[in-house]
Amino acid sequence: MQLDRITVNPERMGGLPCIRDLRVTVATVLGQLAAGRTRDEVLADYPYLEPEDITAALEFGAARVNERELPAAHLA
């Protein structure tokens with residue numbers, strides 16, 4: 001996984017996960033892809049992104065979907 005390309009900085013974009021500390025959020029990239037844009041179109045829209053950034057965004061999204069919060073056990 002290339003999660004080293006994903007940064008979270010409370011002072012950038014409200015602390016949302018971003019691509020390489022740029023002002024492009026993971027959600028922006030995923031939203032573009034979900035809307036049917038191709039990788040090449042996303043790269044054309046954001047010329048400072050690299051192909052590996054898109055892969056990292058997809059990997060980050062997949063990892064987040066697999067996260068689970070388990071309820072705390074109630075001790076009597």
Side-chain angles (χ1 to χ4, degrees):
M1 268 200 228
Q2 301 181 38
L3 295 182
D4 59 325
R5 291 180 168 267
I6 307 301
T7 56
V8 178
N9 179 346
E11 296 180 12
R12 184 164 316 265
M13 302 302 287
L16 293 172
C18 292
I19 306 295
R20 292 185 290 119
D21 206 33
L22 299 170
R23 294 187 180 277
V24 179
T25 65
V26 170
T28 297
V29 173
L30 295 179
Q32 293 275 319
L33 296 170
R37 309 275 296 167
T38 66
R39 285 174 174 251
D40 288 337
E41 289 171 328
V42 173
L43 293 171
D45 289 345
Y46 302 94
Y48 36 85
L49 293 182
E50 300 169 357
E52 295 84 5
D53 296 328
I54 295 175
T55 300
L58 289 166
E59 289 174 345
F60 183 84
R64 291 296 297 259
V65 169
N66 280 324
E67 287 181 6
R68 298 177 201 196
E69 285 192 32
L70 299 175
H74 294 278
L75 300 176

message = Quick check on Arg64: does its CZ atom have over 12 non-hydrogen neighbours (other residues, nucleotides or ligands) under 6.0 Å away?
response = no
Distance, nearest 0.5 Å, that separates CG of Asp21 from CD1 of Ile6 = 11.0 Å
task = Evaluate side chain to side chain contact (heavy atoms under 4.5 Å, CB included) for Val26 paired with Leu16, printing each intermediate quantity in order.
result = CA-CA 8 Å; Val26 170; Leu16 293 172; over 6 Å; no
Minimal non-hydrogen separation, Val8 against Gly15, with atom names = CG1-O, 3.2 Å
note = dist Leu49:CG -> Gln32:CD (nearest 0.5 Å) comes out at 10.0 Å
message = Starting from Phe60, can I reach Val24 by hopping between I/L/V/M/F/W/Y residues whose side chains sit under 4.5 Å apart?
response = yes
task = Look at the side-chain heavy atoms of Ile, Leu, Val, Met, Phe, Trp and Tyr, link any pair under 4.5 Å apart, and say whether Ile54 and Tyr48 land in one connected group.
result = yes
note = Across all chains, not counting sequence neighbours, the side-chain contact (heavy atoms from CB on, under 4.5 Å) partners of Glu50 are Arg5, Arg20, Glu52, Asp53
key: Pairs meeting criterion salt bridge (charged side-chain N to carboxylate O under 4.0 Å, His left out) with involvement of residues 32-49, two or more places apart   = Arg37-Asp45
message = Using 0.5 Å steps for rounding, measure from the OG1 atom of Thr7 to the CD1 atom of Ile19.
response = 8.0 Å
request  = Take Leu22 and Tyr46, measure what side chain to side chain contact (heavy atoms under 4.5 Å, CB included) needs, and give me the verdict at the end.
outcome  = CA-CA 11 Å; Leu22 299 170; Tyr46 302 94; over 6 Å; no
